[in-house]
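Written out below as structure tokens is the structure these notes cover.
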Amino acid sequence: MRNLTDGREQIEVDATNIGELVAQLDARFPGFRARLCADNEDRIRPNIAVMIDGRTARKSMGEQVAEASEVHFLPAISGG
Amino acid sequence: MSTNGYKVIGSRPIRHDGVDKVTGRAKYGADVQLTGMLYGKVLRSPHPHAKLKGIDTSKAEALPGVKAIATAADLPQIADKIADLGEAVVNLRDSSNNVLAYGKVLYRGHAVAAVAATSRHIAAEALELIQVEYEPLPHVTSVLEAMKDDAPILHEDLKMTEMGEETDKVSNIANHFQHKQGDPEAGFTEADMVIEREFETATVHQGYIEPHNATAEWNEEGHLTLYTSTQGAFSVRDQLVEILQIPVSKVTVVPMEIGGGFGGKISVYLAPVAAVLSRKTGHPVQMTMDRDEVFIGSGPTAASYLKIKMGATNDGRITAATAYMAYEAGAYPGSPVGAGAGCILTPYRIPNVQIDGYDVCVNKPKSNAYRAPGATNAAFGSETVVDELAEALGIDPLEFRIKNGVTEGDRRPDGPEHPRIGCIETTEAAKSSAHYGASLEPSSDGKLRGRGVASGYWFNFNGGRSAISVSVNDDGSINMLEGSTDIGGSRASISMMLAETLGLSAKDINPRVVDTDAIGYTDATGGSRTTFATGYAAHATGKALICEMKKRLAQAWEVSADAIDFKDGLFSYKNDEEKRGTFKELSGKIGGTGGPLVAQISTQPDGSGGGAFATHIVDVEVDPETGKVDILRYTAVQDVGTAIHPSYVEGQLQGGVAQGVGWALNEEYIYNTDGGMTNSSFLDYRMPTSLDLPMIETILVEVPNVSHPYGVRGVGEVPIVPPPAAIANAIYRATGTRMYELPMSPPRLASQMAKNA
Amino acid sequence: MSSKVHVQARINGDDVEFLCEPRQSLLEVLRDVLGYTGTKEGCNNGNCGACSVILEGRLVNSCLVFGFEIQGKELQTIEGMGSPEELHPVQQQFLENAALQCGICTPGFIVSTKALLDKNPDPTEAEVRYWLAGNLCRCTGYDKIVRAVLDAAKAIKNS
Ligand code: FES
Ligand code: FES
């Protein structure tokens with residue numbers, strides 16, 4: 001996603017949930033939402049994991065994000 | 001009572017399913033026998049890459065005893081759809097085409113058709129009568145070849161995804177991603193010593209002793225019951241629902257005992273085919289793989305190419321590292337490169353780091369997870385470079401690891417911060433171990449000896465769904481139903497956590513792994529999650545029972561529930577001697593307070609809590625003539641959180657080491673130029689025997705996982721990660737020869753030593 | 001299609017009669033014809049020992065023997081070793097030592113161990129490892145299995 005954000009790895013946004021966060025990032029970096037959500041589904045793609053402060057988040061857009069939280073979008077992995 | 005303050009946790013009771021397993025009574029998937037059952041067999045492609053022009057089954061159908069034949073035409077064609085099967089993220093169209101090839105075969109061993117007949121032998125005869133017309137295509141069976149622009153293309157419609165964005169480029173490279181922090185170039189400039197190396201690792205198999213099996217019964221009402229040995233009954237149900245396009249309510253999966261999985265028994269191979277054959281014949285159909293089929297037709301793990309560069313200052317501080325990782329996905333996208341990339345440099349605090357991962361299709365079976373998927377290949381490379389760097393700087397290799405080790409608050413190369421973890425504690429325990437302190441005596445007969453160390457990391461999947469359902473008997477014993485496959489003693493560990501919560505003994509719990517109709521959705525046993533997550537549910541269930549018991553006692557004792565105390569296994573009301581007792585004592589005395597005591601809990605922990613770290617020490621002896629390596633002594637040190645049943649924790653470490661030793665020294669898929677595997681038997685694919693290993697010492701470091709009520713940390717996967725690197729480092733100390741290719745088999749090592757001489 | 005053969009044998013002390021095809025292995029006969037599913041299949045090729053049985057006092061891989069070959073012979077399988085109420089010392093020690101994880105290899109190891117201890121009641125660790133090298137276990141790393149065998153030898157001696 002770095003190629004969408006002029007190479008920046010960390011971006012600060014003001015948001016209270018994942019949906020707002022994605023919308024804000026998409027406004028600043030067009031194409032961001034499409035990268036994370038399949039064809040306008042209101043859900044993060046299954047092959048992307050969302051972590052909020054080290055917790056695995058449910059992938060709903062309503063998931064709350066507290067102030068000063070760190071949110072990571074990572075490729076989902078599988079275990080043995 | 002153990003030293004940790006627990007009564008049950010930390011003790012070593014005999015496992016509940018033990019007697020059945022030592023007497024041969026336990027029923028595994030292949031032991032299922034149903035009335036009127038037919039036997040199914042799969043016809044597999046002799047070509048590594050070919051167009052399927054036509055399949056003529058008429059002769060086979062005419063053979064007496066043959067009841068039905070299935071091909072891809074019997075499966076609904078499904079659109080591209082990425083599904084999240086608990087942990088495994090798969091494209092269901094690929095899954096469908098993998099169980100019965102459609103249009104093209106993509107590896108030697110790819111299933112093409114299947115027969116159901118009245119006996120195994122008739123089914124096997126019938127396979128020979130099926131005529132398949134193939135148009136062979138050029139094939140590619142190595143990751144670096146497959147990445148070239150002129151390589152034969154496996155999927156004409158596969159467009160490469162580059163840094164998260166689909167490109168127009170048709171390529172065998174399904175995906176390229178990157179993790180980056182800081183400025184690696186600047187970091188290398190800052191370093192006094194920079195080392196860069198390339199590595200290759202071969203395709204290896206999980207090697208579970210029990211072959212895949214599935215027995216399907218599709219009855220007249222259209223309900224499918226599927227008996228199978230699987231790591232996840234619900235994952236199998238999900239796959240059947242999608243591949244067969246049937247409603248979830250029409251499928252019941254009955255998990256039988258399982259003879260090993262290690263990541264390889266989550267995907268389905270036979271189940272949908274057995275189901276189709278059962279639907280066509282109106283009979284139950286059982287399918288089992290031969291050992292040869294397990295090798296060529298299931299999901300081994302990825303071969304890989306790695307290039308790793310690392311720099312450090314003279315005082316031993318790592319300043320930068322880069323890793324280029326290309327993993328073979330096999331026939332369809334989805335290698336474990338993502339997990340490998342998340343683990344490769346994780347034991348170290350590195351300010352400037354870049355990791356590039358490539359997922360590459362080749363004409364081999366679709367790769368699958370294998371115990372800490374992707375991390376073992378990765379650590380073979382990174383831990384060798386760490387060893388070389390420590391040596392070049394004249395620093396003890398464990399000291400170097402401790403100096404750069406991660407602690408709480410440090411960042412993983414893929415971004416997130418570590419919570420409380422036991423990386424440094426583990427390495428320190430290795431450094432102060434008896435093994436590391438003992439000197440290694442030279443051999444008296446001209447053999448070469450050396451000691452090596454290596455560390456490893458695995459995420460641990462601290463999440464997923466788990467359900468538990470319990471009912472309490474009048475004698476205070478508890479019937480506990482769960483949905484987690486028990487591969488290595490998890491019935492015992494989960495029962496122990498429920499017992500601990502309630503002040504019972506492990507024996508008081510009667511655990512059963514039940515079918516998908518009988519319990520709430522439970523994710524597969526994989527990612528080292530079961531003792532963590534299902535144990536989490538067991539603890540919550542215990543809490544619910546305590547709460548319910550208090551309500552019942554409140555009625556029986558005619559007091560308020562809030563005033564009842566539960567402490568040290570004792571319910572009590574104030575100081576009233578009449579109103580007190582253990583869970584067991586009181587269970588029979590709550591009659592008339594509202595029916596039997598039951599509880600049903602489902603949980604989904606949030607995935608935090610951090611991963612597992614291991615450091616291994618190995619002494620080897622190398623025969624300079626033959627290149628044969630003997631393991632003289634082995635110690636595995638690991639942060640295990642809290643060891644619930646220490647014997648089975650040790651067993652996980654020892655088993656992981658044994659698999660890692662095999663991966664290091666002997667195991668590999670050997671391909672001929674025709675793209676066929678030439679060693680698809682246990683004779684030629686050499687897994688370690690009892691003769692190849694010494695006793696495996698274990699040191700359990702316990703840094704409780706802060707996200708689990710009992711501090712459980714998954715333990716099953718990380719022990720396979722360090723062995724190949726530790727052994728390579730030991731071989732170097734013994735011989736002066738660095739090995740950059742797995743396996744380090746006798747001919748390969750002997751020839752490398754001759755080259756260096 | 002071959003016609004079936006009539007076979008009489010003594011299995012775990014019981015006289016047993018069955019019909020089998022000449023091409024059926026003893027392993028197949030035990031599992032599919034007689035329902036003795038305690039004997040496991042790992043490779044069907046003589047390389048894993050999961051199918052170990054004792055035929056006329058000798059340890060054999062039942063996947064390498066034809067079913068009709070046991071005509072008139074004495075066979076012992078895992079089903080004949082101990083019962084849940086009264087486990088054989090080898091079985092008891094496998095449990096005490098946590099010498100099994102998935103358990104698919106366990107019947108083979110237990111039968112194989114019995115054959116060893118019948119011959120050599122006091123084996124060294126090296127002898128145990130040598131004898132058991134024909135039995136593959138992928139889960140345990142053999143450590144606890146070898147300990148269980150050594151403990152079983154002790155237990156038998158002391159009883
Ligand atoms: S099944 Fe007979 S030796 Fe493997
Ligand atoms: S316990 Fe699983 S193969 Fe031995």
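Lettering follows sequence order; numbering is per chain, from 1.
- A donor and an acceptor atom, one from each side chain of C:R31 and C:T37, are nowhere located under 3.5 Å apart.
- A side-chain donor-acceptor contact under 3.5 Å links B:S493 and B:T531.
- Proximity to chain C (any heavy atom under 4.5 Å) is shown, for B:I209, by both the backbone and the side chain.
- With 3.5 Å as the limit, one finds a donor-acceptor pair spanning the side chains of C:H6 and C:E17.
- Options C:M81, C:E41, C:R129 differ in how many heavy-atom pairs under 4.5 Å they form with chain B, and the most are formed by C:R129.
- Ranking B:A492, B:P13, B:G207, B:G18 against chain C, the residue ahead of the rest is B:G207, based on heavy-atom pairs under 4.5 Å.
- With a 4.5 angstrom heavy-atom cutoff, B:Q652 touches chain C via backbone and side-chain atoms both.
- Among the candidates B:V661, B:D31, B:V19, B:V294, the residue making the largest number of heavy-atom pairs closer than 4.5 Å to chain C is B:D31.
- Only the side chain of B:Y39 comes within contact range of chain C, judged by heavy atoms closer than 4.5 Å.
- Counting heavy-atom pairs under 4.5 Å between each of B:L691, B:D692, B:T288 and chain C puts B:L691 at the top.
- Contact of C:L87 with chain B is made through the side chain alone, with heavy-atom distances under 4.5 Å.
- Side-chain contact, C:S112 with C:S52: no donor N or O sits under 3.5 Å from an acceptor N or O.
- If you measure heavy-atom distances from C:N44 to chain B, you find no contacts under 4.5 Å at all.
- Using a 4.0 Å cut-off between charged nitrogen and carboxylate oxygen, C:R23 and C:E21 count as a salt-bridge pair.
- Chain C forms more heavy-atom pairs under 4.5 Å with one residue of B:G259, B:P64, B:G65 than with any other, namely B:G259.
- Ranking C:Q92, C:K40, C:H88, C:E79 against chain B, the residue ahead of the rest is C:K40, based on heavy-atom pairs under 4.5 Å.
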| said: Does B:H121 form a side chain to side chain donor-acceptor pair (under 3.5 Å) with C:E28? I'd like the steps, not just the answer. | reply: CA-CA 11 Å; B:H121 296 280; C:E28 256 185 279; 2.9 Å; yes

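- Of the charged side-chain nitrogens involved, at least one lies within less than 4.0 Å of a carboxylate oxygen, so that B:K41 and B:E293 count as a salt-bridged pair.
- Between chain C and the residues B:P688, B:G662, B:A658, B:G489, the most heavy-atom pairs under 4.5 angstrom are made by B:P688.
- Of the atoms belonging to B:V657, not a single heavy atom falls under 4.5 Å from chain C.
- Heavy-atom pairs under 4.5 Å with chain B peak, among C:G46, C:P107, C:C139, at C:C139.
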Using the side chain to side chain donor-acceptor pair (under 3.5 Å) rule, take B:S680 and B:D292 through it: C-alpha gap first, then chi angles, then the decisive distance, then the call.
CA-CA 5 Å; B:S680 56; B:D292 169 67; 2.5 Å; yes

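- Within the 4.5 angstrom heavy-atom criterion, atoms from both the backbone and the side chain of C:D32 approach chain B.
- When heavy atoms are compared at a cutoff of 4.5 Å, C:L95 approaches chain B by way of both its backbone and its side chain.
- For B:Y685 and B:H205, the ring centers are positioned 6.0 Å apart or more.
- When each of B:E650, B:R120, B:K27 is scored by its heavy-atom pairs under 4.5 Å with chain C, the top score falls to B:R120.
- Proximity to chain C involves both the backbone and the side chain of B:A30, based on heavy atoms less than 4.5 angstrom apart.
- Counting heavy-atom pairs closer than 4.5 Å to chain B, the top residue among C:C137, C:C105, C:P84 is C:P84.
- Side chain to side chain, C:N120 and C:E127 meet the donor-acceptor criterion of an N or O pair below 3.5 Å.
- If you tally non-hydrogen atom pairs under 4.5 Å between each of C:L132, C:L100, C:T106 and chain B, the highest count goes to C:L100.
- With B:K265 as reference, B:E210 is the one residue of B:Q231, B:H212, B:E210 to meet the side-chain hydrogen bond (donor to acceptor under 3.5 Å, both in side chains) rule.
- There is no contact between B:E257 and chain C, counting heavy-atom distances below 4.5 Å.
- Of all the listed residues (C:T140, C:V128, C:I110), the one sharing the greatest number of non-hydrogen pairs under 4.5 Å with chain B is C:T140.
- Between B:T215 and B:L34 there is a side-chain heavy-atom pair separated by less than 4.5 Å.
- Looking at B:Q659 and B:R371, their side chains do bring a donor and an acceptor atom within 3.5 Å of each other.
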